[in-house]
Participant: 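First the structure, which I've put down as structure tokens, then a few questions once you've had a look.
Numbered from 1 within each chain, the chains take letters A, B, ... in sequence-line order. Everything numeric in this text was worked out from a predicted model, so none of it was measured.
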Amino acid sequence: MLEIRNLHAAVDGNPILKGINLTVKKGEIHAIMGPNGSGKSTLAKVLAGHPAYEVTEGEVLYEGKNLLEMPTDERAREGVFMAFQYPIEVPGVSNAQFLRLAYNEKRKHLGEEELDPLEFKDLLKERAKIVDMDASFMTRSVNEGFSGGEKKRNEILQMAVLEPKLAILDETDSGLDIDALRIVAGGVNYLHNSENAVVLVTHYQRLLNYIVPDYVHVLANGRIAREGGKELALELEEKGYDWITSAAAA
Amino acid sequence: MTTEVANQEVGYLEAFRARQEAIAVGGAAWVARLRESALDRFEELGFPSVKEEEWKYTNVAPITKLGFEYARAVSGSDITSADVARLGCVEAQNSQLVFVNGALREDLSSLEDLPAGMVVMDLVQAIADEKHHDVIREHLARGVDYNANGFIALNTAMIASGAFILIPRETELEKPLCLLFIADAGAGTVASFPRVLVVAEQNSRATLVESYISAAEGINFTNAVVEINLQDGARLEHYKVQRESIEAFHVATTGVNLGPNSSYDSTTINFGAQLSRHDIAVRMAHEGAECWVDGLYVVSSGQHTDTHSVIDHQKPHCTSHQLYKGILDGKSRAVFNGKIFVRHGAQKTDAMQTNKNLLLSKEARVDTKPQLEILADDVKCAHGAAVGQIDEDELFYLETRGIHSELARNLLTYGFAEEVIGKIKVDSIRAQLDAAVLNRLNAHLEA
């Protein structure tokens with residue numbers, strides 16, 4: 001589904017990613033871990049198409065197509081989704097309005113008929129249950145005045161509505177209390193199936209107790225320094241990142 | 001050059017004198033004197049010039065170049081009730097006064113839904129009516145000083161048709177009261193000088209819609225003055241909506257006096273006119289009053305809009321809130337000048353003022369000047385202004401959800417306007433404005 005080959009990327013001329021190789025197949029869950037500044041959030045943003053990140057080398061194939069050539073909105077309509085670490089507030093635009101617009105853009109792209117507001121309301125009501133969100137959130141402006149936990153749940157609600165093939169969750173666990181973490185993880189597990197893939201970007205092992213990865217990749221200084229199964233995350237929890245970063249620097 | 005200007009001034013003075021005679025008030029001598037003094041004052045002042053501080057960004061010379069033959073008389077029109085239904089406010093179809101080219105059209109107006117005791121009538125008829133004469137004399141031309149500038153002087157000189165509104169004590173209006181000013185320049189340039197006096201007695205509660213709209217393309221010049229007086233505990237929601245033709249000139253002055261513990265919530269919308277100027281002054285001369293003085297201007301190429309606002313905290317324990325937003329596209333220009341005064345002894349004043357502008361093009365220009373003058377020491381005041389483009393992070397966020405870049409920009413612009421439009425509690429107006437914003441953006445978004 002996703003093949004990243006020798007990916008290099010920079011921000012303001014400063015190289016952050018220095019040769020990432022990663023293959024994700026459908027049905028899989030991958031965790032990208034690493035200390036602060038290792039480049040893991042940059043990787044997520046490059047995949048989503050953030051304009052501030054410049055790809056300087058390498059390629060990314062998504063379902064056999066050159067992902068890096070697609071504009072951000074087209075990537076999304078093709079099934080790539082990124083849950084933001086800090087979801088953006090969009091004043092004046094209601095959650096329901098925003099979600100229906102995004103949903104219908106994707107339907108149009110796939111040659112399917114758009115849903116009218118009433119039809120969409122039913123769909124939204126059903127999807128909102130997945131993340132235990134009250135109907136009152138639908139008429140409020142996108143993320144405006146939402147608590148940290150509500151914003152993260154709203155990200156997963158968007159994922160539930162848009163049903164991406166490839167979901168990249170950027171530090172979705174940060175700032176969540178244990179109840180919110182359970183709800184968010186429960187939502188992701190509910191939406192994961194053999195036809196889609198999930199990439200979890202996280203600093204802590206905590207999230208991986210709830211969403212169990214097939215593979216764990218540890219980033220250090222812009223490269224993947226170590227790879228393994230879910231047990232690698234436990235080892236990191238015990239020993240910290242230092243032994244990997246110092247090995248990578250050596 | 002000087003001679004030319006002088007000739008022009010003589011030209012329009014003659015025209016305005018002829019018009020003043022044509023629309024004689026009759027009856028009250030004091031009104032005739034008021035009109036004459038105001039015209040004399042206009043003769044002295046002329047139209048404001050960019051050399052005056054309050055007008056330095058707004059050049060009204062195009063108004064003086066219209067040629068003033070049109071101003072000699074009130075123009076005719078074939079506006080029908082179907083037009084009124086299309087242009088008016090559906091909630092107020094039976095609580096609406098309709099003016100066409102400045103003249104009250106009773107045949108198009110309906111006041112059936114208003115409660116007993118409520119007075120909504122032609123201003124000149126009200127002056128002639130013994131029941132209302134004294135209250136009008138107490139308030140007319142007291143809330144807006146005709147010495148201040150030529151436009152106010154000219155409006156005062158032309159006092160004839162207009163509205164007198166008296167909301168009796170303890171009365172609550174269920175339906176909004178709408179004053180619909182239709183400009184119909186179909187037969188040529190028209191000038192109108194609406195004058196409105198509102199007196200809201202103790203603990204009354206009402207919603208007033210003041211709507212200016214053009215029935216057809218064409219040049220019209222509107223010069224309106226609205227005076228509002230709220231007595232003890234009165235509450236008024238006031239919507240001023242200006243959607244005149246893109247060729248129109250719209251100048252309006254709103255003067256508000258707030259009584260003790262009264263509440264005034266105003267939202268001013270400016271979409272139309274090639275040149276629009278709104279002066280709004282709210283005087284808080286009694287304790288415990290609260291006001292919201294909000295607005296939205298949306299302009300595109302060829303349009304210039306100017307808002308001058310004064311909120312005057314004269315007494316302690318008053319609260320004011322102000323949010324003005326602007327969206328500018330193409331080669332357009334906006335001016336926001338907002339003064340807040342906190343006078344000596346006006347302790348415990350709480351004043352908050354914000355002006356935010358969204359520029360959609362590189363050629364658009366905004367001059368914003370929020371000003372605070374505080375002479376009391378125990379107050380809470382804040383103000384700020386911002387001019388910016390579409391936020392790139394917000395844009396990226398929408399794009400990651402599959403929304404095309406162009407549509408995402410429109411959605412964010414719409415959201416920017418919604419902060420003001422969303423507070424409007426009259427559904428049909430909110431819907432009309434939503435539609436107007438979306439139409440400007442060529443976007444198709446449904447709520």
Side-chain angles (χ1 to χ4, degrees), chain A residues 44-45 47-53 70-84 86-94 96-110 114-118 120 139-144 151 155 158-159 161-164 168 170, chain B residues 267 269 294 296 298 323-327 354 356-358 360 386 388-424 427 430-431 433-438 440-447:
Chain A
K45 284 174 180 144
L47 294 176
H50 195 291
Y53 296 81
M70 292 183 207
T72 297
D73 52 323
E74 191 183 332
R75 296 182 198 193
R77 291 191 297 275
E78 287 284 338
V80 178
F81 177 87
M82 181 174 84
F84 280 52
Y86 303 108
I88 308 291
E89 298 185 5
V90 188
V93 178
S94 81
Q97 212 172 18
F98 166 60
L99 284 166
R100 191 171 69 87
L101 207 62
Y103 182 77
N104 279 335
E105 287 282 293
K106 188 181 168 184
R107 301 266 295 192
K108 269 192 280 183
H109 183 71
L110 298 175
E114 296 177 46
L115 293 193
D116 68 33
L118 281 178
F120 184 73
T139 50
R140 286 169 58 182
S141 291
V142 180
N143 293 327
E144 198 180 40
K151 283 181 180 171
E155 294 291 286
Q158 292 171 28
M159 177 178 161
V161 168
L162 298 173
E163 298 180 299
I168 303 155
D170 187 8
Chain B
T267 309
I269 307 287
D294 298 336
L296 171 70
V298 181
L323 173 67
Y324 256 82
K325 296 186 97 171
I327 299 173
T354 311
K356 288 185 191 168
N357 296 279
L358 177 60
L360 300 178
Q389 283 89 34
I390 293 270
D391 184 287
E392 291 298 323
D393 287 333
E394 292 176 15
L395 188 62
F396 177 63
Y397 188 61
L398 297 189
E399 287 174 353
T400 64
R401 299 319 185 229
I403 298 173
H404 286 87
S405 174
E406 184 67 21
L407 185 57
R409 282 177 187 278
N410 287 338
L411 192 62
L412 292 172
T413 307
Y414 166 81
F416 183 86
E418 259 327 274
E419 199 182 349
V420 176
I421 294 176
K423 72 169 270 212
I424 296 175
D427 291 345
R430 199 176 56 244
L433 295 177
D434 271 343
V437 169
L438 295 177
R440 279 282 178 94
L441 300 169
N442 295 315
H444 302 282
L445 311 168
E446 289 155 61

Participant: Nearest 0.5 Å please: distance from the NZ atom of K106(A) over to the CD1 atom of I403(B).
Facilitator: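 Going from NZ on K106(A) over to CD1 on I403(B), the span is 13.5 Å.
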Participant: Chain B: which of H109(A), E78(A), E155(A) shares the most heavy-atom pairs with it under 4.5 Å?
Facilitator: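 Looking at each of H109(A), E78(A), E155(A) in turn, E155(A) comes out on top.
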Participant: Mind ranking T72(A), D116(A), D73(A) by heavy-atom pairs under 4.5 Å with chain B and telling me who comes out on top?
Facilitator: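 Looking at each option in turn, the highest pair count goes to D73(A).
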Participant: Any side-chain heavy-atom pair from E419(B) and S141(A) closer than 4.5 angstrom?
Facilitator: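 E419(B) does not reach S141(A) side chain to side chain.
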Participant: Any idea which heavy atoms bring P51(A) and F396(B) closest together, and the distance?
Facilitator: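 Looking at all heavy atoms of both residues, the shortest contact is CD-CD1, 3.8 Å.
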Participant: Take R77(A) and E399(B) through the test salt bridge (charged side-chain N to carboxylate O under 4.0 Å, His left out) and record every step on the way to the result.
Facilitator: CA-CA 10 Å; R77(A) 291 191 297 275; E399(B) 287 174 353; over 6 Å; no
Participant: Which label fits F84(A) and Y397(B): parallel for a plane angle under 30°, tilted from 30 to 60°, or perpendicular past 60°?
Facilitator: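 Rings of F84(A) and Y397(B): perpendicular, over 60°.
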Participant: Which one of P87(A), A48(A), A52(A), A96(A) has the most heavy-atom pairs closer than 4.5 Å to chain B?
Facilitator: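 So the answer, after comparing P87(A), A48(A), A52(A), A96(A), is A48(A).
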Participant: Please classify the contact of T400(B) with chain A as side chain, backbone, both or neither, using a heavy-atom distance under 4.5 Å.
Facilitator: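 Contact with chain A: backbone and side chain both.
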Participant: For the residue pair G402(B) and A76(A), what are the closest heavy atoms and their distance?
Facilitator: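 So the two residues come closest at N-CB, 3.2 Å.
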Participant: Can you establish whether the number of heavy atoms outside K151(A) located under 6.0 Å from its atom NZ is more than 12?
Facilitator: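 Atom NZ in K151(A) is crowded, with more than 12 foreign heavy atoms closer than 6.0 Å.
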Participant: Work out which heavy atom in Y414(B) is nearest to a heavy atom in Q97(A); give both atom names and the distance.
Facilitator: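 Nearest heavy atoms, Y414(B) then Q97(A): OH-NE2, 3.4 Å.
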Participant: What is the distance from atom CG of L101(A) to atom CG of L407(B), rounded to the nearest 0.5 Å?
Facilitator: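 These two atoms lie 4.5 Å from each other.
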Participant: Please state whether the side chain, the backbone, both or neither of V161(A) comes within less than 4.5 Å of a heavy atom of chain B.
Facilitator: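 Neither the backbone nor the side chain of V161(A) comes within 4.5 Å of chain B.
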Participant: Do D393(B) and Y86(A) have a side chain donor and acceptor closer than 3.5 Å?
Facilitator: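 No - no donor-acceptor pair under 3.5 Å links their side chains.
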Participant: With a 4.5 angstrom heavy-atom cut-off, which part of E89(A) approaches chain B: side chain, backbone, both or neither?
Facilitator: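 For E89(A), the contact with chain B is made by the backbone alone.
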Participant: What's the separation between atom CG in D391(B) and atom CD1 in I88(A), rounded to the nearest 0.5 Å?
Facilitator: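 Atom-to-atom, D391(B):CG and I88(A):CD1 are 7.0 Å apart.
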Participant: Could you give the distance from CG (N143(A)) to CD (E394(B)), rounded to the nearest 0.5 Å?
Facilitator: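 Between atom CG of N143(A) and atom CD of E394(B) there are 10.5 Å.
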